[in-house]
Amino acid sequence: MRITAAMVFYVLEKRYSVQGERRLNYVQAGGGGAVSQARILDTDTPEQDVLYISGSPDDLRRIKSPGSCSFLLVGEEAAIPEQFRDADIACVNGDAPLVMVLQEVFSVILALIQWDTRLNNACLERVEYSKLFMIIREQFNRPTILHDRNFGIIAYSPGFFEFVHDQGANREFIPAEKASKVLNEEGKIYNIFEYRDTYIYPPEASEERWLCSNFFSGSHFEGRFIAAYDQSSPNIRGQLDLLALCRDYAGKTFINRSGSLIDKQQEDDLHELVRSYILQSKAVMEREIVSIIRGIDWGIGDHYRVVVFRMADEQGFKNGASYLCRRLETDSIHSCALIAGHPPLILWIINDRLQVNPRNNFGDYRKLIPRIVQEFNCKAGASNRLDSFMALRDGYIQAGAALLLGEKKAP
């Protein structure tokens, strides 16, 4: 674990705010220096990665080169010498013996080390997310949520939906309007599906802001860990450092529990069949098709439709395609959506027989298509109704032609 001065200052600030006897002010955010130990400042040549505690700003002025160390002043705030512009500095207001503050700092450092150990052990033991989130809240008590690359909700802290005033929210997916906002706005600002640094969204001041951090499996984006930004504290760096640590363990737990499945973009038997038969034009025997589709109550002789979606730009496709596939299959249960390669298209197969069954509780694809086109700024083409699964290749050609002709007729 890499403990930073900003982390220590934020945890100490929260402790003081509960106790009410003293107050910690985050005076200056430096370069995110690490902390390996804490000492009372009694030298003119400080060592690196040490948090020094001093009772007087005059002690700082005697230091020519602070290096990569941090400082905690006890007493009244004062002007910080120029040579300390890259150092993390905080100030404890109120009367307190230096030794007492040193003990409190040691206590925080030890608590963070023990906390990190507990999080690591929880990951190794593959505990349930609820237990992992309980451990996270011991030192980072902010409303948090973990979602996968398709905006499916993996885990959240108690009280999260009450915090966002959405007690009736669907606990399975990030609400569609919020996911669309992330894809259309946040994606342009941060290119979030490749962005590896922690960040605050939105970047401008607003009533509701979030600390965000992506996690990856190699170069593959897998999801995001998000926590409510504590706007009462000026210590942004400490919050982001704590978030990054929580992200590492939450992401590791997700990857360990998901196994190799995360490397497959929704390629179960049905998706692989559609990919092979339609996109790769492989010869597939009818009995092979039947053995796969009968498990979902589909039949060779059912009526089908094919829809293709094309995003307005490649970056938009990269950001939204995986989520959109899952969104289509969720909103219209008896359907199959997958990424169709180059040119970047999304292929959507709909079982038309099951769409008209009123006992099935899902959205009408005829209403869903224009909504998707509007929300994701994409274009779509649809085939006629097909009388057999074996006609899906023709339906794919029809849908592609409809897209091209529609663009020429009404760009």
Side-chain angles (χ1 to χ4, degrees), residues 150-152 170 172-173 176 261 264-311 320-341 344-376 378-406:
N150 295 310
F151 292 88
N170 182 348
E172 184 179 355
F173 289 98
L261 292 177
K264 300 179 181 179
Q265 293 208 24
Q266 306 174 19
E267 294 176 8
D268 56 13
D269 289 345
L270 177 61
H271 292 88
E272 196 55 53
L273 169 64
V274 170
R275 189 184 306 280
S276 301
Y277 182 64
I278 300 177
L279 299 179
Q280 299 170 354
S281 299
K282 291 184 178 178
V284 183
M285 301 295 290
E286 185 172 318
R287 64 175 178 271
E288 296 178 68
I289 296 174
V290 171
S291 68
I292 294 174
I293 66 175
R294 69 184 176 188
I296 55 171
D297 198 26
W298 287 17
I300 288 286
D302 287 349
H303 292 154
Y304 293 92
R305 293 183 189 273
V306 180
V307 181
V308 291
F309 294 93
R310 184 167 66 215
M311 298 294 186
S322 183
Y323 166 70
L324 181 53
C325 286
R326 187 163 176 181
R327 165 83 179 274
L328 290 167
E329 291 184 348
T330 301
D331 287 354
S332 188
I333 297 173
H334 288 286
S335 68
C336 172
L338 67 160
I339 298 170
L345 299 174
I346 290 175
L347 171 63
W348 191 31
I349 310 298
I350 304 163
N351 187 310
D352 208 29
R353 171 178 68 87
L354 294 165
Q355 294 292 317
V356 298
N357 187 341
R359 291 176 299 177
N360 291 323
N361 182 25
F362 48 74
D364 185 337
Y365 73 91
R366 291 166 295 185
K367 297 178 181 179
L368 183 58
I369 292 173
R371 191 161 68 242
I372 292 293
V373 167
Q374 182 177 18
E375 285 185 18
F376 288 87
C378 61
K379 298 180 180 180
S383 73
N384 295 324
R385 190 170 72 167
L386 309 166
D387 294 330
S388 168
F389 190 96
M390 309 304 291
L392 287 179
R393 287 177 182 167
D394 293 336
Y396 180 49
I397 295 172
Q398 281 186 20
L403 181 62
L404 291 173
L405 291 172

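The structure displayed is predicted, hence computed values, not measured ones.
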[X] and [Y]: which non-hydrogen atoms are nearest, and at how many Å?
X	Y	result
H271	C336	CD2-SG, 3.6 Å
L328	I346	CD1-CG2, 4.1 Å
M311	L324	CE-CD2, 3.5 Å
I372	C378	O-SG, 3.8 Å
A382	A402	O-CB, 3.7 Å
L386	L392	CD1-CD2, 3.9 Å

Kindly compute the distance separating [atom1] ([X]) from [atom2] ([Y]), expressed to the nearest 0.5 Å.
X	Y	atom1	atom2	result
I278	D394	CD1	CG	10.0 Å
L338	L273	CG	CG	10.5 Å
L270	I296	CG	CD1	4.5 Å
I350	Y304	CD1	OH	12.0 Å
K379	L404	NZ	CG	10.5 Å
R305	W348	CZ	CH2	11.5 Å

Check the pair I292, E272 against side-chain contact (heavy atoms from CB on, under 4.5 Å), reporting the backbone distance first and the verdict last. CA-CA 10 Å; I292 294 174; E272 196 55 53; over 6 Å; no
Does R294 CZ have over 12 foreign heavy atoms under 6.0 Å away? no
Passes side-chain contact (heavy atoms from CB on, under 4.5 Å), D302 versus I293? Steps please. CA-CA 11 Å; D302 287 349; I293 66 175; over 6 Å; no
R327: partners by salt bridge (charged side-chain N to carboxylate O under 4.0 Å, His left out), with sequence neighbours left out: D331, E375
Taking Y396 for the side chain and V308 for the main chain, is one N or O donor matched with an acceptor at less than 3.5 Å? no
Evaluate the ring planes of W298 and F389, with Trp represented by its six-membered ring, and classify them as parallel (under 30°), tilted (30 to 60°) or perpendicular (over 60°). tilted
Please tabulate, for side-chain N and O atoms in residues 279-286, each donor-acceptor pair with protein atoms closer than 3.5 Å (sequence neighbours left out).
from: Q280; atom 1: OE1; to: K282; atom 2: NZ; distance (Å): 3.3

Going by side chain to side chain contact (heavy atoms under 4.5 Å, CB included), name the residues that satisfy it together with S291, two or more places apart in sequence or in a different chain. none
